[in-house]
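Take a look at the structure set out below.
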Amino acid sequence: MDTIQINHLTKHYRGKDTPALNDVSLTISAGMFGLLGKNGAGKSTLMRILTTLDQATAGSIQMCGIPITQRAAIRAQVGYLPQNFGFYPTMTVSDALTYLAILAHVPARDQHRRIASLLAQVNLTKQARTKVKALSGGMRQRLGIAQALVNQPKVLIVDEPTAGLDPEERIRFRNLLAEFAQERIVLLSTHIVSDIEATTNRIGVLDQGHLLFTGTTAQLQTQAAGHVFASSLPVAELSAFKARYEISEQIVQGDTAHIRFLATAAMPGASTVAPTLEEAYLYLQSRPTCQGVRQ
Ligand SMILES: Nc1ncnc2c1ncn2[C@@H]1O[C@H](COP(=O)(O)OP(=O)(O)OP(=O)(O)O)[C@@H](O)[C@H]1O
């Protein structure tokens, strides 16, 4: 039963008026699942609860049939790449992984083979003797995935993993995640819509602790259909327009601005266009304010 079942999960931090997670219910099945949300939406809180590093105030979770309260059993199922992942900078890649394999109780006879295989999978075999501090950002993140997989988990949780990577490394990293998702649940938390677009069509959207949406990317785009428009206007009118409408794209050519924007209804001179995922995500989060007027 390879699913994560989250039921009515709430998390209150001490001293905070509003909960970081507010009655979140979600089912995540095998393969890649994207958790989208702005900064402060509650993504890291959810990740930390799923990895047993923190505890919910209310609600329950079953991971692959095991209640989250059975922490040791859950930890044996989960690999985690946290945001701002720090490693042992003066260790070599291979020594750092061996050390983590020991901590994860990987039997001594399996350690060498498993680490060699992981390094090959994340394309770091040549860097096995390199010190961690000498790795590029992308290499470090790939090492982060290797360490998360050292105990062969059924569930891999990665929190904002592509922040700070250059485009080439970002693509490489996303492909790696998609590969690993063929055999397990991969939960990818991000605020970068293109990370989701490139890896999965199953998503949840968190906003201020609430789960605003769960379903496929196509369903999210369908919700926004008829609310995204394209138009052109004089550059001089752009500021006034922006004050009233959510602009999702603008290209300025000379005195003319070519724009795409969100609104509840069509207006003269604007044509309806198919929403991109980014626009659908924007629409979901700005529905109360994009009634055509943004005051
Ligand atoms: N240890 C903590 N103590 C108190 N409040 C916290 C703590 N951790 C997070 N919060 C608060 O909980 C809310 C959700 O934060 P969280 O880090 O889970 O969001 P996020 O979606 O992961 O955002 P980010 O990408 O910025 O990390 C925020 O209001 C944050 O200030």
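Both ligands and their constituent atoms are indexed starting at 1 by order of listing. Keep in mind that this is a model prediction, so the values were computed, not measured.
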Q: Work out whether the distance between some heavy atom of His191 and some atom of ligand 1 is less than 4.0 Å.
A: no
Q. Looking only at heavy atoms of Lys38, does any of them come nearer than 4.0 Å to an atom of ligand 1?
A. yes
Q.
Looking at Arg172 and Gly138, would you say the former's side chain and the latter's main chain have a donor-acceptor pair under 3.5 Å?
A. no
(Q) Does this structure show an ion pair linking Arg184 with Asp2, if we count only N-O contacts that are shorter than 4.0 Å? (A) no
Q | Per-atom contacts of ligand 1 with Ala41, taking only distances under 4.0 Å to non-hydrogen atoms | A | 19 (O), 20 (P), 21 (O)
Q. Are any of the heavy atoms in Arg14 under 4.0 Å away from ligand 1?
A. no
(Q) I need the contact type for Arg48 against ligand 1. Using non-hydrogen atoms and a strict under-4.0 Å cut-off, is it side chain, backbone, both or neither? (A) side chain
Q: Give yes if a backbone or side-chain nitrogen or oxygen of Gly42 is under 3.5 Å from a nitrogen or oxygen of ligand 1, and no if not.
A: yes
Q: Select one of side chain, backbone, both or neither to describe which atoms of Lys16 lie under 4.0 Å from any atom of ligand 1, heavy atoms only.
A: side chain
Q | Salt-bridge present (Asp159, Lys43; N to O < 4.0 Å) | A | no
Q: May I ask you to check whether Phe241 and Phe261 place their ring centres under 6.0 Å from each other?
A: yes
**Q.** Sole residue of Glu183, Gln77, Arg114 in side chain to side chain donor-acceptor pair (under 3.5 Å) with Gln152
**A.** Arg114
Q | Proximal ligand 1 atoms for Ser44, defined as those under 4.0 Å from one of its heavy atoms | A | 17 (O), 18 (O), 20 (P), 22 (O), 27 (O)
